[in-house]
Amino acid sequence: MNKRARSLAKSTSLVSIIILASIAASINSPASSQSFEGCPGSPTTPPKAAISEKVLDDVCIPAGFGGNPIDFFDDYSWRAFLGLVWPAKPGERGLPDAAAKLSDRGRPLVFETFKSDWEIFQPQGAPPSAWNTMDGANPCKLDNVSSDDLILAAFSKFDNLGQAGFGPPLVGPLVAQNRTYVRFQTGFNKIEFDQIQRDKLYLRSNLQGTMTFQPRAIDIKAAWIDMTGIAHPERFYTREAYLLDLASETCSKSKVGLVGLHIVQKTTSRPQWIWSSFEQVDNLIEEKSQIPATFNSADGLRMPDQNPYVFPPPVQVPAPFNVDRTKPVHVQTKSTNEIYRKMLADAGVPWQFYKLVVTQWPLSVGDPSADGRPPNTFPGSGAEATAYSNLTMETFDQKSVRTGCMNCHNATRVTTDFLWSLNTRAFPPIQAIAAVAALSDKSVTGLSLPNPGLKPWAKTLTAAEAFRLPATQLSEFRELKELMESTLSHTAK
């Protein structure tokens with residue numbers, strides 16, 4: 001048995017203890033957490049697939065299981081996915097309607113009612129409104145919005161168009177073949193939001209490097225496209241959303257389709273979070289996909305080595321480029337996908353046309369001191385032959401697991417418990433700090449932060465206002481920059 005196999009096997013030896021803890025937690029769970037389900041006393045091998053509105057509160061691995069537990073983590077991911085795409089309970093954000101069916105249409109889904117990033121990180125550091133309200137400012141300047149509305153826009157105009165990454169070479173947009181930009185949505189469940197609100201973590205001055213989110217905290221990142229000209233809309237989950245027109249800077253409703261969903265959940269056994277990524281099956285030309293693909297024209301041209309467009313993107317949407325998957329989805333993940341997709345086909349829901357691309361998890365069990373670097377994760381060091389990137393969000397991060405989710409987010413483990421959106425968006429946002437620092441501290445601007453000249457970033461702090469980036473946060477940003485630069489240097493050879 002090799003070292004990684006021994007690590008995988010060892011990581012399951014403590015699971016029976018963790019399962020008991022999860023069961024105890026679920027018995028006394030608050031009403032706001034009723035969408036979670038604890039592990040059964042005796043998890044089965046292989047795991048039993050189920051369509052349910054309840055998210056598992058932890059991965060359920062039988063005591064004494066040896067080997068790679070990927071089937072259990074992938075089953076956990078599918079349960080999280082189904083729980084979050086379940087119709088939401090009317091008037092209760094973030095909760096599923098147990099009386100509804102997965103096939104019910106015309107109502108918001110659980111993840112769509114999570115607290116959006118723009119609701120939390122308000123202009124000038126204003127506090128966010130209460131969980132069930134939307135009383136603060138919104139990027140579209142709309143009146144009387146509710147959690148039933150989906151607003152795919154940002155206060156900084158371009159901010160929901162950039163892909164994951166850091167610096168101009170890595171945060172360009174993704175253009176679909178129908179020549180529209182992919183729009184990103186970030187949301188937080190009530191457990192996570194309550195902690196951000198209570199401790200005022202939306203203010204940078206409160207990020208002291210000592211905070212840790214509670215188990216069952218969930219955040220999501222969703223990728224959406226304008227459905228104009230899409231050949232097979234019946235194979236997508238679609239809905240109406242407000243989109244910002246970049247030229248007029250006004251919002252209007254359009255039909256959008258979900259092309260990617262990234263789910264991150266903190267659990268008792270995996271305090272470094274479990275990272276699950278789903279894509280719509282027609283994104284690329286792959287097995288069982290249907291052409292035309294959303295991100296590949298089938299003209300035979302290969303995907304560029306890096307994004308040809310930088311951030312901020314052009315106001316006029318440029319020509320699309322082809323996207324390919326350079327590493328295959330794990331064979332066991334494919335098997336789990338087949339099980340769930342068949343069940344969903346029998347249920348007659350569009351979720352049959354979605355698939356899990358990767359579940360990434362920490363190898364250690366219940367050890368918050370462990371970091372999220374590749375030697376401590378799966379996929380990770382010595383196990384990076386299969387996919388670890390969501391191609392709607394991390395198109396050009398397929399070459400090394402060092403740019404995978406956990407290693408990238410590990411750079412902000414200390415300050416914000418792996419949550420980059422909190423580190424970069426807390427007021428004053430890092431872009432505004434860079435704008436001020438440009439007049440004084442070159443050690444900050446040397447990080448190649450996103451362009452501080454964009455409005456309203458440079459206006460957030462005036463040049464006369466002094467702000468010092470905490471040493472821990474500055475170190476984390478440097479670490480991420482060095483990671484990205486070394487990866488680019490390695491893959492360019």
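All values below come from the heavy atoms of this structure, side chains included, with hydrogens, waters and symmetry mates left out.
- The distance from the CE atom of M393 to the CG atom of D397 is 12.5 Å, given to the nearest 0.5 Å.
- Closest heavy-atom contact between Q265 and V55: OE1-CG1, 3.4 Å.
- Geometrically, K266 does not engage F213 in a cation-pi contact, judged by NZ or CZ lying under 6.0 Å from the ring centre and within 45° of the ring axis.
- Taking CG of L422 as the start and CG of D117 as the end, the distance is 11.5 Å to the nearest 0.5 Å.
- We find the CD1-CG distance between I263 and N189 to be 11.5 Å, quoted to the nearest 0.5 Å.
- Minimum heavy-atom separation, Y202 to G125: CE1-O, 3.6 Å.
- K115 places a side-chain N or O within 3.5 Å of a backbone atom of A130 that can act as its donor or acceptor partner.
- Side-chain atoms of D417 and T212 form no donor-acceptor pair, as typed in the model, at a separation below 3.5 Å.
- Looking only at distances, a side-chain donor or acceptor of T113 sits under 3.5 Å from a matching main-chain atom of G94.
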Under the criterion side-chain contact (heavy atoms from CB on, under 4.5 Å), I'd like the reasoning laid out for D149 against N138: C-alpha separation, chi angles, the key distance, then a yes or no. CA-CA 11 Å; D149 297 308; N138 66 76; over 6 Å; no

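- Under a 3.5 Å cut-off, the side chain of Y354 and the backbone N or O of L261 do not form any donor-acceptor pair.
- Side-chain N or O atoms of D194 include none that pairs as donor or acceptor with a backbone N or O of I191 at under 3.5 Å.
- Each of Q398, Q360, K327 was evaluated against Y388; a single residue qualifies, K327, per the side chain to side chain donor-acceptor pair (under 3.5 Å) test.
- The aromatic rings of W131 and F114 sit tilted relative to each other, their planes meeting at an angle between 30° and 60°.
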Apply the test side-chain contact (heavy atoms from CB on, under 4.5 Å) to residues F378 and W361: give CA-CA distance (whole Å), side-chain angles for both, the deciding distance (0.1 Å), then the verdict. CA-CA 6 Å; F378 186 91; W361 69 88; 3.2 Å; yes

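- Side chain of S146 to main chain of D148: a donor-acceptor pair is present (N/O by atom type, distance under 3.5 Å, no hydrogens or angles).
- The CZ atom of R183 sits 6.5 Å away from the CG atom of N160 when rounded to the nearest 0.5 Å.
- Using modelled atom types, one finds no donor on one side chain facing an acceptor on the other under 3.5 Å when comparing T186 with S421.
- With hydrogens and angles left out, the side-chain atoms of K399 and S389 include no donor and acceptor closer than 3.5 Å.
- Ring-centre distance between W351 and F81: below the 6.0 Å cut-off.
- Checking D58 against S269 by side-chain atom types alone, a donor-acceptor pair falls below 3.5 Å.
- Checking T412 against N423 by side-chain atom types alone, a donor-acceptor pair falls below 3.5 Å.
- Note: F65 and F72 meet the aromatic proximity criterion, with ring centroids under 6.0 Å apart.
- Evaluated for a salt bridge (charged side-chain N to carboxylate O under 4.0 Å, His left out) with E112, the options R93, R239, R107 yield exactly one hit, R239.
- Taking OG from S276 and CZ from F73, the interatomic distance works out to 9.5 Å, rounded to the nearest 0.5 Å.
- Looking at residues two or more places apart in sequence or on another chain, you find a side chain to side chain donor-acceptor pair (under 3.5 Å) between E279 and R325.
- Contact detail for Y340 and A49: the closest heavy-atom pair is OH-CA, 3.3 Å.
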Please test T267 against Y76 for side-chain contact (heavy atoms from CB on, under 4.5 Å), starting from the C-alpha separation and ending with a verdict. CA-CA 11 Å; T267 75; Y76 160 91; 3.9 Å; yes

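- The salt bridge (charged side-chain N to carboxylate O under 4.0 Å, His left out) pairs that include a residue from residues 122-139 number zero, where partners must be two or more places apart or lie in different chains.
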Let's go through L150 and W224 carefully: what are the C-alpha distance in whole Å and the side-chain angles of both, what is the deciding distance for side-chain contact (heavy atoms from CB on, under 4.5 Å) to 0.1 Å, and is it a yes or a no? CA-CA 11 Å; L150 179 61; W224 301 85; 3.7 Å; yes

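- What you find for I120 and P128 is that their closest heavy atoms are CA-CB, 3.8 Å.
- Using a distance-only test at 3.5 Å, with no hydrogens or angles considered, a donor-acceptor pair links the side chain of N307 to the main chain of P173.
- A donor-acceptor contact closer than 3.5 angstrom is absent between the side chains of N206 and D199.
- Contact between L356 and N337 at its shortest, heavy atoms only, is O-ND2, 2.9 Å.
- With contacts defined as side-chain heavy-atom distances shorter than 4.5 Å, the pair T336/I70 does not qualify.
- The main-chain N or O of F418 is never found under 3.5 Å from a side-chain atom of Q272 such that the two would form a donor-acceptor pair.
- Rounding to the nearest 0.5 angstrom, the gap separating the CG atom in N410 from the SG atom in C408 is 9.5 Å.
- Pairing each heavy atom of C60 with each of P40, the nearest pair is SG-CD, 4.1 Å.
- Judged by distance alone, with hydrogens and angles left aside, the side-chain atoms of T416 form a donor-acceptor pair with the main-chain N or O of L419 at under 3.5 Å.
- For W275 and H409, the gap between ring centers is short of 6.0 Å.
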